[in-house]
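Here is the structure we will look at, set down as structure tokens.
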Amino acid sequence: WGKAEEDDADEGGSPAPPKEQPNFGLSGKLLAEENMSASGVQLKFAEPSDACKPKLRWRLYPFKKDCSLEPYPVHRQSAYLFGRDRKVCDIPTDHPSCSKQHAVLQFRRVHVAKEDGREVPTIKPYIMDLESTNGTRLNKEILPTRRFVELKAGDMLQFGFSSREYVLIHEDLVSKEQVRL
């Protein structure tokens, strides 16, 4: 039946490509089931391994035109989902231009370098657009999809073509402003 060297080489004389190793990770239906909400709807995102609840008391202040609406406390869990689907979304965006699962506000533990060279773990807020049809805007700039973008206190978010603006502020910042007044 031939020599061993002939089996390893194809007609061109180059060695055969290495065999693909088995991948025992979750895929297909198993992966979809892992990423389900309590109501049975498949989520468009999975929390990263560095997700954690914030220590600061963050709030999201919605504004419609010049009217201030009731603020959302966003410090009680590590992620908040924005969208039209009230079964799974934490903060509803009822505008028709918003997707069912539009964007996610995620708190993540990151390491920040101090002036003396030490790295200190800090919890920071991030926003990610979940491939929405009409996009998410941060300070009137459209965000790239499927990428976490760091948020700062005072940043303004808009979803789709909704006129509502959401301003992210933490409690320490609010109390400092009240002291100045």
Side-chain angles (χ1 to χ4, degrees), residues 31 34-35 37 41-65 68-86 88-95 97-180:
L31 182 62
E34 172 115 339
N35 211 18
S37 73
V41 177
Q42 184 174 358
L43 297 177
K44 286 187 171 183
F45 82 102
E47 285 199 74
S49 60
D50 58 358
C52 62
K53 286 174 42 174
K55 304 267 189 255
L56 291 174
R57 303 187 93 179
W58 290 91
R59 292 192 184 132
L60 201 60
Y61 289 86
F63 294 91
K64 185 168 184 170
K65 297 182 180 168
S68 174
L69 304 172
E70 188 68 27
Y72 294 100
V74 289
H75 61 274
R76 297 180 181 145
Q77 56 195 48
S78 61
Y80 289 86
L81 184 60
F82 294 87
R84 281 191 346 243
D85 191 351
R86 289 181 175 261
V88 294
C89 292
D90 302 300
I91 300 173
T93 57
D94 294 328
H95 197 271
S97 68
C98 294
S99 299
K100 288 182 180 181
Q101 296 179 42
H102 196 93
V104 64
L105 172 66
Q106 178 74 60
F107 290 95
R108 302 176 73 182
R109 183 183 309 270
V110 293
H111 294 280
V112 177
K114 292 289 187 182
E115 295 170 1
D116 60 1
R118 294 181 302 125
E119 285 196 358
V120 179
T122 307
I123 301 169
K124 292 187 175 186
Y126 289 82
I127 188 79
M128 179 171 62
D129 181 79
L130 299 174
E131 297 177 337
S132 63
T133 305
N134 295 310
T136 301
R137 289 169 184 73
L138 172 62
N139 299 325
K140 306 221 179 199
E141 301 269 331
I142 195 135
L143 292 177
T145 60
R146 290 277 173 202
R147 298 208 184 267
F148 281 114
V149 177
E150 183 181 340
L151 296 174
K152 307 272 189 220
D155 278 349
M156 182 190 63
L157 296 168
Q158 288 179 290
F159 304 102
F161 299 121
S162 174
S163 62
R164 286 190 186 194
E165 299 172 341
Y166 298 84
V167 179
L168 183 69
I169 299 176
H170 58 77
E171 194 173 67
D172 292 351
L173 191 64
V174 172
S175 61
K176 287 178 186 175
E177 289 297 319
Q178 289 174 349
V179 170
R180 287 185 195 160

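Taken to the nearest 0.5 Å, the CG atom of Asp155 stands 7.0 Å off from the CG atom of Leu168. For the atom pair CG (Asn139) and CD (Gln158), the distance works out to 9.5 Å, reported to the nearest 0.5 Å. Distance CG/Leu56 to CD1/Ile169: 13.0 Å, rounded to 0.5 Å.
Counting only residues at least two apart or in different chains, salt bridge (Lys or Arg N to Asp or Glu O under 4.0 Å) contacts with residues 70-81 are absent. The stretch residues 144-165 participates, sequence neighbours left out, in these ring pair (Phe, Tyr, Trp, His ring centres under 6.0 Å) pairs: Phe82-Phe159, His102-Phe159, Phe159-Tyr166. Contacts classified as side-chain hydrogen bond (donor to acceptor under 3.5 Å, both in side chains) and involving residues 114-126 (residues at least two apart or in different chains) are given here: Asp116-Arg118, Lys124-Glu150.
Counting heavy atoms from C-beta outward, Leu69 and Lys64 have side chains that approach closer than 4.5 Å. The shortest distance between side-chain heavy atoms of Thr93 and Ser162 does not fall below 4.5 Å. The shortest side-chain heavy-atom distance between Val149 and Ile127 falls under the 4.5 Å cut-off. Contact annotation: the side chain of Ile91 approaches that of Val74 to within less than 4.5 Å [non-hydrogen atoms, C-beta and beyond]. Using a 4.5 Å heavy-atom threshold, the side chains of Leu157 and Leu151 count as touching.
In terms of the side-chain contact (heavy atoms from CB on, under 4.5 Å) criterion, residue partners of Asp90 (sequence neighbours excluded) are, by chain and number, Gln77, Tyr80, Leu81. With sequence neighbours excluded, no residue forms a side-chain hydrogen bond (donor to acceptor under 3.5 Å, both in side chains) with Arg137. The side-chain contact (heavy atoms from CB on, under 4.5 Å) search around Arg146 returns Lys44, Phe45, Met128, Leu130, Glu131, not counting sequence neighbours. Qualifying side-chain hydrogen bond (donor to acceptor under 3.5 Å, both in side chains) partners for Gln106, counting only residues two or more places apart in sequence or in other chains: Glu47. In this structure Asp94 satisfies the salt bridge (charged side-chain N to carboxylate O under 4.0 Å, His left out) test together with Arg86, sequence neighbours excluded. Listed by chain and residue number, Trp58, His170, Leu173 satisfy the side-chain contact (heavy atoms from CB on, under 4.5 Å) test with Ala153 (two or more places apart in sequence, or in another chain). Take Arg108 and apply the salt bridge (charged side-chain N to carboxylate O under 4.0 Å, His left out) test, not counting sequence neighbours, and it matches Asp50.
Under a 3.5 Å cut-off, the side chain of Asp129 and the backbone N or O of Leu143 do not form any donor-acceptor pair. In this structure, Gln101 contributes its side chain and Val88 its backbone to no donor-acceptor pair below 3.5 Å. Side-chain atoms of Ser163 do not come within 3.5 Å of backbone N or O of Lys65 as any donor-acceptor pair.
Minimum interatomic distance between Ile123 and Lys53 (heavy atoms only, all atoms of both residues): CD1-O, 3.3 Å. Across all non-hydrogen atoms, the minimal contact from Pro62 to Pro71 is CD-CA, 3.8 Å. Between Cys98 and Gly160, the shortest heavy-atom distance links the atoms SG-N, 4.3 Å.
Other residues, nucleotides and ligands place more than 12 heavy atoms under 6.0 Å from the CZ atom of Arg84.
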